[in-house]
Asks: 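Take a look at this one; I'll ask things after.
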Amino acid sequence: MSFFNSIGRSMTRAPRNAKRSPTPTSATFSPVEYNSNSTPPSPVVAAPKPLYLCSPFVEAALVKGNFKTIVMLPKYVDIMEWVAVNIFDFYTNLNEFYGVITECCTQQTCPTMSAGSVLNYTWINQDRKSVHLPAPTYIDYVMTWAQNLLDDESVFPTKSGRDFPQSFPSTVKHVYRQLLRVFAHIYHAHYHQILHLRSEPHFNSLFAHFLAFGREYELLEMKDLKGSSSAPVGVGALWERWRDMGILDG
């Protein structure tokens, strides 16, 4: 079912039993807009194959089979509620993973928000200028901003009788895009730490679930995933590998 095409006939949802619990963040931050700036690939010597594309790590997972089966909208469940709950879960789990490796993500080790050798994300500051930020600063801004939205009853209502706002689909798509960038940076810069913790099956399954969900509900933009349209970089190559393995749909 199309998430965005469902807005006209589904702007209410069943009441929740309890309010979602917030995940602590380092600071409060006002929502701002973000932008990406991917540099076109240049004819340079090919970099070593990333570990997350190598066997057996690329096959490591807790879930076997195609992830589409677990992202389908359950019968009698409101689509807004379903998307909201899943986005909250993705945020919470990703925040926990990043919290484990945060000591390894510093301004010295990660001076830019990079997701590949030719893919960097830039921040749009309050002066509407595109600036490069160290990855830990960028991620702290994103996660704090997302937490504030999740805690905002006018955006993510949790109380009976409160409807989702008309702007909810565009807001949640923006949140999804920023979480994707955090996933992409961890794969690019910190996957070896995930391997050291022996957590690659958990992290791979979380990301595959995230991608399948975004694809199903029109939250995922392939240009955000793959970078250059001529040749996928970073986690774009991982998407194609998992698609060929039957884990994700093309």
Side-chain angles (χ1 to χ4, degrees), residues 2-5 31-41 50 52-53 67-68 71 83-84 86-91 93-95 97-98 105 110 112-125 128 130-146 149-150 167-191 203-204 206-244 247-250:
S2 170
F3 178 40
F4 286 88
N5 290 339
V32 297
E33 294 185 7
Y34 306 87
N35 188 23
S36 65
N37 180 24
S38 58
T39 304
Y52 57 79
L53 292 176
F67 274 77
K68 185 178 179 66
V71 302
V83 170
N86 277 273
I87 289 296
F88 172 78
D89 286 343
F90 291 136
Y91 166 84
N93 284 289
L94 178 58
N95 197 41
F97 269 107
Y98 185 70
C105 187
C110 304
T112 61
M113 184 61 177
S114 177
S117 58
V118 293
L119 181 60
N120 296 284
Y121 301 122
T122 56
W123 181 271
I124 302 299
N125 64 15
R128 309 300 299 169
S130 178
V131 296
H132 288 279
L133 292 176
T137 302
Y138 189 108
I139 294 174
D140 182 61
Y141 285 176
V142 167
M143 302 306 275
T144 302
W145 167 77
L149 285 176
L150 291 166
S167 60
F168 180 75
S170 60
T171 298
V172 82
K173 187 172 184 178
H174 192 37
V175 173
Y176 183 93
R177 182 184 298 117
Q178 300 310 316
L179 296 184
L180 173 61
R181 294 178 180 183
V182 178
F183 272 113
H185 176 72
I186 293 176
Y187 269 101
H188 168 65
H190 303 291
Y191 195 69
F203 196 65
N204 284 355
L206 175 63
F207 188 49
H209 187 184
F210 179 81
L211 292 176
F213 191 87
R215 189 70 164 174
E216 178 69 19
Y217 298 98
E218 302 175 359
L219 303 174
L220 174 64
E221 294 285 350
M222 297 307 292
K223 63 181 180 180
D224 293 329
L225 178 69
K226 294 186 176 183
S228 170
S229 59
S230 60
V233 297
V235 292
L238 182 59
W239 165 283
E240 295 199 343
R241 183 68 182 274
W242 282 346
R243 181 196 60 192
D244 294 341
I247 293 174
L248 299 172
D249 292 334

Asks: Closest approach of Ala212 and Phe67, non-hydrogen atoms and distance?
Replies: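 The answer is CB-CB, 3.7 Å.
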Asks: State, to 0.1 Å, how close Tyr121 and Asp224 come at their nearest heavy-atom pair, and which atoms those are.
Replies: OH-O, 3.8 Å
Asks: As an exercise, state the distance from CG of Leu180 to CG of Leu219, rounded to the nearest 0.5 Å.
Replies: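 So the CG of Leu180 and the CG of Leu219 are separated by 11.0 Å.
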Asks: Hey, could you give me the CG/CG distance between Leu225 and Leu119, rounded to the nearest 0.5 Å?
Replies: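 Those atoms lie 10.0 Å apart.
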Asks: Test side-chain contact (heavy atoms from CB on, under 4.5 Å) on Val182 and Tyr138; report intermediate values, then the result.
Replies: CA-CA 9 Å; Val182 178; Tyr138 189 108; 5.8 Å; no
Asks: Mind listing the closest non-hydrogen atom pair of Asp249 and Lys68 along with its distance?
Replies: OD2-CD, 2.9 Å
Asks: Rounded at 0.5 Å granularity, tell me how far CG in Asn93 sits from CZ in Phe88.
Replies: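 Nearest 0.5 Å value for the CG-CZ distance: 9.5 Å.
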Asks: Taking only residues two or more places apart in sequence or in another chain, which ones pass side chain to side chain contact (heavy atoms under 4.5 Å, CB included) with His188?
Replies: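 Residues passing side chain to side chain contact (heavy atoms under 4.5 Å, CB included) with His188: Ser114.
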Asks: How close do Phe210 and Tyr176 get, heavy atom to heavy atom, and via which atoms?
Replies: O-OH, 2.8 Å
Asks: Under the rule for side chain to side chain contact (heavy atoms under 4.5 Å, CB included), what residues qualify as partners of Ala135, not counting sequence neighbours?
Replies: Cys105, Cys110, Met113, His185
Asks: Taking the side chain as every heavy atom from C-beta outward, state whether Tyr141 and Pro136 have any atom pair closer than 4.5 Å.
Replies: no
Asks: Can you name the side-chain hydrogen bond (donor to acceptor under 3.5 Å, both in side chains) partners of His209, sequence neighbours left out?
Replies: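 Expected list: none.
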Asks: Kindly compute the distance separating CG (Leu179) from CE (Met143), expressed to the nearest 0.5 Å.
Replies: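 Result: 6.0 Å between the selected atoms.
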Asks: Under the side-chain hydrogen bond (donor to acceptor under 3.5 Å, both in side chains) rule, collect the residues that match up with Tyr191, sequence neighbours excluded.
Replies: Asn204
Asks: Can you tell me which residue among Thr144, Val172, Ile87, Val175 is in a side-chain contact (heavy atoms from CB on, under 4.5 Å) with Leu149?
Replies: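 It is Val175; the other options fail the test.
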Asks: Do the side chains of Glu221 and Arg177 get close enough for a salt bridge, i.e. N-O under 4.0 angstrom?
Replies: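 Salt bridge between Glu221 and Arg177, a charged N being under 4.0 Å from a carboxylate O: no.
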Asks: Test Tyr217 against Asn86 for side-chain contact (heavy atoms from CB on, under 4.5 Å), laying out the working first.
Replies: CA-CA 11 Å; Tyr217 298 98; Asn86 277 273; over 6 Å; no
Asks: If you apply the rule side-chain contact (heavy atoms from CB on, under 4.5 Å), what do you find for Phe183 with Phe203, and how did you get there?
Replies: CA-CA 9 Å; Phe183 272 113; Phe203 196 65; 3.7 Å; yes
Asks: Verify, without hydrogens or angle tests, whether Thr171 (side chain) and Ser167 (backbone) share a donor-acceptor contact under 3.5 angstrom.
Replies: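 Confirmed, Thr171 side chain pairs with Ser167 backbone.
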Asks: What closest approach, in Å, do Leu220 and Leu211 show between heavy atoms, and which atom pair accounts for it?
Replies: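 Heavy atoms only, the tightest pair is CD2-O, 4.1 Å.
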Asks: Examine the side chains of Gln178 and Tyr91 and answer whether a donor and an acceptor come within less than 3.5 Å of each other.
Replies: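 Per modelled atom types, Gln178 and Tyr91 side chains form no pair under 3.5 Å.
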Asks: Does Met222 form a side-chain contact (heavy atoms from CB on, under 4.5 Å) with Trp239? I'd like the steps, not just the answer.
Replies: CA-CA 10 Å; Met222 297 307 292; Trp239 165 283; 3.6 Å; yes
Asks: If you take all heavy atoms of Leu238 and Tyr187, which pair is closest and at what distance?
Replies: CD2-CE2, 3.7 Å
